[in-house]
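Notes to accompany the following structure.
For clarity, every value in this text was computed on a predicted model and none was experimentally measured.
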Amino acid sequence: MTKWFLYRKKNNYINNLKIDGITKLQALILANRDIIDPKTVSMFIRPSLNDLHDPFLFNDMDKAIDLILNAIENGLKIRIFGDYDQDGIASTMTLLDGLLYFYDNVSFDIPDRVLEGYGISDLMVEDAINDKISLVITCDNGITCFDQVEKLKNNGIDVIVTDHHQVEKEDKDGWLKQKLPLADCVINPKRLDSKYPFSDLCGAGVAFKLVQALFISLGGDLDYLYGLLEYVAMGTVCDVVSLTDENRIFVIEGLKRINHTNKLGISALLRENSWNKEVDAYTLGFVIGPCMNATGRLSTAKLAINLLMEEDIDKINQDAKSLVALNNERKRLTEEGLKAVDKQIVNNKFYQDNVIVVYEDSLQESICGIVAGRIKEKYNRPTIILSNSIEEATLKGSGRSIEAYNIYEEVFKYSDKLESFGGHPMACGLSIKKERVDDFRKFLNENSKLTKDDFNKIINIDMSLPISKLSLEFAESLNKLEPFGKDNPKPVFADKKVKIKEALLIGKNKNTLKMALEKNGSIVNAIKFNAVDDYEYLSDKFKEKIIDNYIDIVYYPSINEFRGRRSLQVKLIDMR
């Protein structure tokens, strides 16, 4: 069952109305998202590169720049340690492209997802030592790689850690203190002693702040610097960090540049995906991002870096085809894995559990997280999916959670019996001995405090608005609130007693519901995708005589463009 709730944040709204230049709609939408700090609101409604925070507010930033300048002045070798997901790729490219503007003795390394796992691997450390690297700069990792950083330092290598993940804490004499790697510099907005004004940067965002500080110090070309936001925008959207404050500026400015990009690799990837429309946050999250991610899942993320660094157009086109092919293979494996996992859930009635835990031996380890996310969406339950690893009798997997369940805290209670574990409230990664799976499932469910209400899906509604009051101009005004994502979801509206004038399933698979809805004499077209269940619900409710009956709807106003014509259309979110 889905529950509808209307936001009631009148005080927030009244306070936002006092801010210069804000519209009533903007004041309301931002109030509902608890965006009420005048400076943050101003950055939201008037995003500008001039509002980017001073990178030197980061702890250790001055020292990090000194280390980089020393390496450049003395011709020393610099190596970037990246990660294999989209944010890791974006972070690596931000540092690579930014450093190469000033200096060419820069290399990179990224771990193999299956063979080496997340973070700085022992193999990466050994290679850096053997290659006589003088300075290692990490990105999107390193904050918990204590042993590896120590080994680098013991071998005379300077280390700058740039990361955005949670800092580990340890109890010292009854005080909870942060535990940092013994690097020369640790640049992370989540440090407990951080004075940086915004903490929810992605890895690429933190990497950009380091490069920004370097450009300020050396007087680099600002147009070149801001061109790096093409990478940062990708990492920001794909890593699902807050799309407020600096991140909003990163994505807006990055998208402006991607839509006129001179980066051949990005152009080739868009072309290979037949994307001939404006590039927006959706394109980053669901077209470009998955292609980049697929390299780390099924091959090596170094393929994505090579595509972005390559200058030979024939090689670029070939690499772009390879990335798209890998992503298509990832889609196929995901669908097959999803069917196998769901079959287990149905046969074993795991859908009755508070926490779903499934071991599926046919599943490729690298897509456990994707499948966990899809299962979580279907059953609205915390879900952990496990599969075989290269270590005999040891399984690896990923978990995805719902708002009511802190999966990191709950799984941590069992961590002494796990081979490895890490994560945050909404997601986790772990490895476990095969014989412990049933005990693990039992432990999580017996200790779950989830209630029946926690499994109800919730839709938060920004305001009640009759569809008869909608206009093309109103729908266009909502575009100024983009990009939408974490902490800035699409505005949601609701209307009661709307008359159905037309309802039919259309499309190749007959799974898109097209409707004409009437209110106060005005008729508005509406659409809902993957809506076979919704059509069957209407048929059952109205005994197959759907037309001229009334429903309540939750919707988002949008613009339909067809053969050059633009018209108002509402996208249905829910109905009853």
Side-chain angles (χ1 to χ4, degrees), residues 77-100 105-131 133 135-145 147-149 151-152 157 159-165 181 183 202-208 210-211 228 230-232 234-235 238-239 263 265-266 269 288-310 315 319-320 322-323 326-327 330 364-367 369 390 396 398 422 429:
K77 293 182 178 180
I78 301 175
R79 177 159 295 171
I80 297 162
F81 281 178
D83 189 29
Y84 45 67
D85 67 0
Q86 169 58 59
D87 188 25
I89 293 166
S91 305
T92 303
M93 278 305 306
T94 300
L95 287 178
L96 263 180
D97 208 340
L99 288 170
L100 287 170
N105 200 351
V106 184
S107 58
F108 76 95
D109 201 358
I110 293 176
D112 183 285
R113 185 182 198 120
V114 175
L115 298 178
E116 299 172 79
Y118 167 76
I120 304 172
S121 71
D122 293 335
L123 180 60
M124 292 165 69
V125 171
E126 291 296 333
D127 285 346
I129 295 169
N130 293 335
D131 292 344
I133 299 298
L135 172 62
V136 162
I137 307 175
T138 79
C139 54
D140 197 31
N141 66 54
I143 197 65
T144 58
C145 297
D147 295 341
Q148 291 83 357
V149 169
K151 187 170 182 179
L152 288 168
I157 298 175
V159 181
I160 300 171
V161 168
T162 79
D163 203 349
H164 71 117
H165 291 99
C202 69
V206 180
F208 177 81
L210 177 63
V211 177
L228 303 180
E230 295 185 40
Y231 309 126
V232 180
M234 294 179 201
C238 294
D239 220 48
K263 293 179 172 52
I266 294 176
L269 202 52
I288 296 178
C291 286
M292 298 284 188
N293 263 328
T295 62
R297 292 184 187 280
L298 303 184
S299 182
T300 169
K302 294 175 183 178
L303 290 176
I305 301 295
N306 291 340
L307 166 72
L308 296 171
M309 294 292 292
E310 183 59 60
K315 185 67 167 62
D319 287 347
S322 297
L323 264 65
L326 281 171
N327 191 41
R330 189 272 308 165
Q364 186 154 327
E365 173 199 324
S366 62
I367 60 172
I390 59 172
K396 292 184 75 173
S398 298

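- Phe81 has its side chain within reach of Leu152: a pair of non-hydrogen atoms, C-beta onward, lies under 4.5 Å apart.
- Looking only at side-chain heavy atoms (C-beta outward), Arg79 and Ile157 stay at 4.5 Å or farther from each other.
- Under the 4.5 Å side-chain criterion, counting only non-hydrogen atoms from C-beta, Met124 is not in contact with Val136.
- Between Ser121 and Leu115 there is no side-chain heavy-atom pair separated by less than 4.5 Å.
- Rounding to the nearest 0.5 Å gives a distance of 9.5 Å between CG of Asp85 and OG1 of Thr295.
- Minimum interatomic distance between Val211 and Gly98 (heavy atoms only, all atoms of both residues): CG1-CA, 3.8 Å.
- Counting all heavy atoms, side chain and backbone alike, Gly117 lies closest to Pro111 at O-CB, 3.5 Å.
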- Item | Derivation and outcome, side-chain contact (heavy atoms from CB on, under 4.5 Å), residues Val106 and Leu96 | CA-CA 7 Å; Val106 184; Leu96 263 180; 3.9 Å; yes
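- Interatomic distance, CZ of Arg297 versus CD of Gln364, reported as 10.0 Å (0.5 Å rounding).
- Screening Asn141, Ile143, Asp140 against His164 for a side-chain contact (heavy atoms from CB on, under 4.5 Å) leaves a single residue, Asp140.
- Atom OG in Ser398 sits 8.0 Å away from atom CD in Glu365 (nearest 0.5 Å).
- In this structure, the side chains of Asp109 and Lys302 come closer than 4.5 Å at one or more pairs of heavy atoms.
- Shown here for Ala204 and Ser91, the closest heavy-atom pair between the two residues is N-OG, 2.9 Å.
- The two residues Ala183 and Val161 come nearest to each other via the heavy atoms CB-CG2, 3.8 Å.
- Note that SG of Cys291 and CG of Leu307 are 10.0 Å apart. Values are rounded to the nearest 0.5 Å.
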- Task: Report the C-alpha separation of Met292 and Leu269 in whole Å, then their side-chain angles, then the decisive distance to 0.1 Å, and conclude whether the side-chain contact (heavy atoms from CB on, under 4.5 Å) test is met.
- Result: CA-CA 10 Å; Met292 298 284 188; Leu269 202 52; 3.8 Å; yes
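- Between the side chain of Asp97 and the backbone N or O of Met93 there is no donor-acceptor pair closer than 3.5 Å.
- Ile288 CD1 to Gln86 CD: the interatomic distance, rounded to the nearest 0.5 Å, is 8.0 Å.
- The shortest distance between side-chain heavy atoms of Leu303 and Asp319 does not fall below 4.5 Å.
- Between the side chain of Asp87 and the main chain of Gly203, a donor-acceptor pair closer than 3.5 Å is present.
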- Run the side-chain contact (heavy atoms from CB on, under 4.5 Å) check on Asn293 and Arg330 step by step: do they pass? CA-CA 9 Å; Asn293 263 328; Arg330 189 272 308 165; over 6 Å; no
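- Across every non-hydrogen atom of Arg113 and Gly296, the tightest pair is CB-O, 3.3 Å.
- The shortest non-hydrogen separation linking Ser299 to Asp112 is O-OD2, 4.1 Å.
- To the nearest 0.5 Å, atoms OH (Tyr231) and CG (Leu95) are separated by 11.5 Å.
- Taking the side chain as every heavy atom from C-beta outward, Ile137 and Thr162 approach each other to under 4.5 Å.
- Of the listed residues (Asp122, Ile120, Val125), just one forms a side-chain contact (heavy atoms from CB on, under 4.5 Å) with Lys151, and that residue is Val125.
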- Item | Stepwise side-chain contact (heavy atoms from CB on, under 4.5 Å) test for Asn105 and Ile78 | CA-CA 6 Å; Asn105 200 351; Ile78 301 175; over 6 Å; no
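- For the pair Ile80 and Leu99, the minimum side-chain heavy-atom distance is below 4.5 Å.
- By the 4.0 Å N-to-carboxylate-O rule, Lys77 lies too far from Asp131 to be salt-bridged with it.
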